[in-house]
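The shown structure was predicted, so the numbers you read here are calculated from the model rather than taken from an experiment.
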Amino acid sequence: MVRKIYRAIIDRPIGYQDSFGNRYPINYGYIPDLFAGDGEEQDVYIISEKIREPLKSFEGELIAVIHRQDDVEDKWVLTSTNENITIEDIKEKTYFLEQFFVSTIELL
C-alpha cells in the first residue's frame, strides 16, 4: 500500500512548552492549506524513531488518524517513509496531549 506524502510546517518543535505547561517530546505542526474540523489547518504529530531533533518542517507519510470523540478535529500522524510505527508507539508518543481527550487511533 502506498501512503500519501504530506509536507508539514512545525510550529511546536521538540522541547516547546505551551501555555498550559505541556512540553512537546515530539515535533508537532500543521499541513498548510488543508483545513480541519475546527476551521484551522490540519494538525499533525511527527512520530519517528529516526528524528530526535527539533524541526522547522517535515515531509513524510500519513500513517494514522487520531479520532477525537470529544473535540471537533482529528489529529494526523506522519512518519518517515518506510518506517514502521505501531498503535502503541503512537499512544506513547502522543500521550502528553491525548491524555486529555477520548480518542481512537486508526492506522492507514
Side-chain angles (χ1 to χ4, degrees):
M1 174 178 139
V2 176
R3 294 187 174 123
K4 184 135 181 164
I5 303 292
Y6 289 92
R7 187 179 74 75
I9 302 299
I10 307 304
D11 59 352
R12 288 167 256 181
I14 292 172
Y16 176 86
Q17 185 169 342
D18 66 20
S19 60
F20 299 103
N22 299 307
R23 187 163 305 277
Y24 287 63
I26 58 176
N27 290 290
Y28 182 92
Y30 61 92
I31 307 293
D33 302 319
L34 181 64
F35 294 91
D38 64 352
E40 299 290 327
E41 290 167 310
Q42 178 63 55
D43 292 330
V44 295
Y45 291 109
I46 309 303
I47 298 179
S48 172
E49 293 303 320
K50 299 174 185 177
I51 299 170
R52 306 243 188 264
E53 70 279 350
L55 300 174
K56 292 185 180 194
S57 65
F58 178 80
E59 187 170 294
E61 295 180 334
L62 173 62
I63 60 159
V65 176
I66 299 174
H67 299 284
R68 287 183 172 175
Q69 298 171 17
D70 53 352
D71 196 7
V72 297
E73 68 173 320
D74 295 332
K75 302 295 181 181
W76 287 10
V77 178
L78 299 182
T79 194
S80 302
T81 305
N82 297 321
E83 193 168 353
N84 292 318
I85 302 294
T86 66
I87 285 179
E88 290 75 25
D89 294 331
I90 295 169
K91 284 180 184 176
E92 176 189 332
K93 302 287 187 192
T94 63
Y95 181 78
F96 74 102
L97 281 185
E98 293 304 316
Q99 67 180 314
F100 304 112
F101 299 93
V102 177
S103 60
T104 57
I105 300 170
E106 175 188 8
L107 288 178
L108 304 176

Polar contact flag, side-chain donor to acceptor under 3.5 angstrom, Glu83-Ser48: yes

Non-neighbouring partners of Glu41 that pass salt bridge (Lys or Arg N to Asp or Glu O under 4.0 Å), sequence neighbours left out: none

Joint cluster assignment, Leu34 & Val44, ILVMFWY side-chain distance < 4.5 Å: yes

CZ/Phe101: more than 12 non-hydrogen atoms of other groups inside 6.0 Å: yes

OG-CD1 distance between Ser57 and Ile10, expressed to the nearest 0.5 angstrom: 7.0 Å

Pair Glu98 + Arg68, salt bridge at N-O below 4.0 Å: yes

Least distance between heavy atoms, Ala8 atom then Leu78 atom: CB-CD1, 4.1 Å

Cluster check Leu108, Ile46: I/L/V/M/F/W/Y, side chain < 4.5 angstrom: yes

More than 12 heavy atoms of other groups within 6.0 Å of Lys50 NZ: yes

Glu49 CD to Lys93 NZ distance, which is reported to the nearest 0.5 Å: 4.5 Å

Smallest separation among heavy atoms of Asp11 and Gly29, with atom names: OD1-CA, 3.4 Å

Atom pair CZ (Arg7) and CD1 (Ile31), whose distance is rounded to the nearest 0.5 Å: 8.5 Å

CD on Gln42 to CD on Glu73, rounded to 0.5 Å: 6.5 Å

Co-members of the apolar cluster containing Ile105 [side chain, <4.5 Å]: Tyr16, Tyr24, Ile26, Tyr28, Tyr45, Ile47, Ile63, Ile66, Val77, Ile85, Ile87, Ile90, Phe96, Leu97, Leu107

Asp70, CG: over 12 other non-hydrogen atoms inside 6.0 angstrom: yes

Heavy-atom closest pair, residues Glu61 and Asn82: OE1-N, 3.5 Å

Rounded distance (nearest 0.5 Å) linking atom OG1 of Thr104 with atom CD of Gln69: 5.5 Å

In one Ile/Leu/Val/Met/Phe/Trp/Tyr side-chain cluster, 4.5 Å: Tyr30, Tyr6: no

same_hphob_cluster(Phe58, Leu62) at 4.5 Å side-chain heavy-atom cutoff: yes

Shortest non-hydrogen contact from Pro54 toward Asn27: CA-OD1, 3.5 Å

pair Ile9-Pro32: side-chain heavy atoms closer than 4.5 Å: yes

From Trp76 atom CH2 to Lys4 atom NZ, the distance as rounded to the nearest 0.5 Å: 8.0 Å

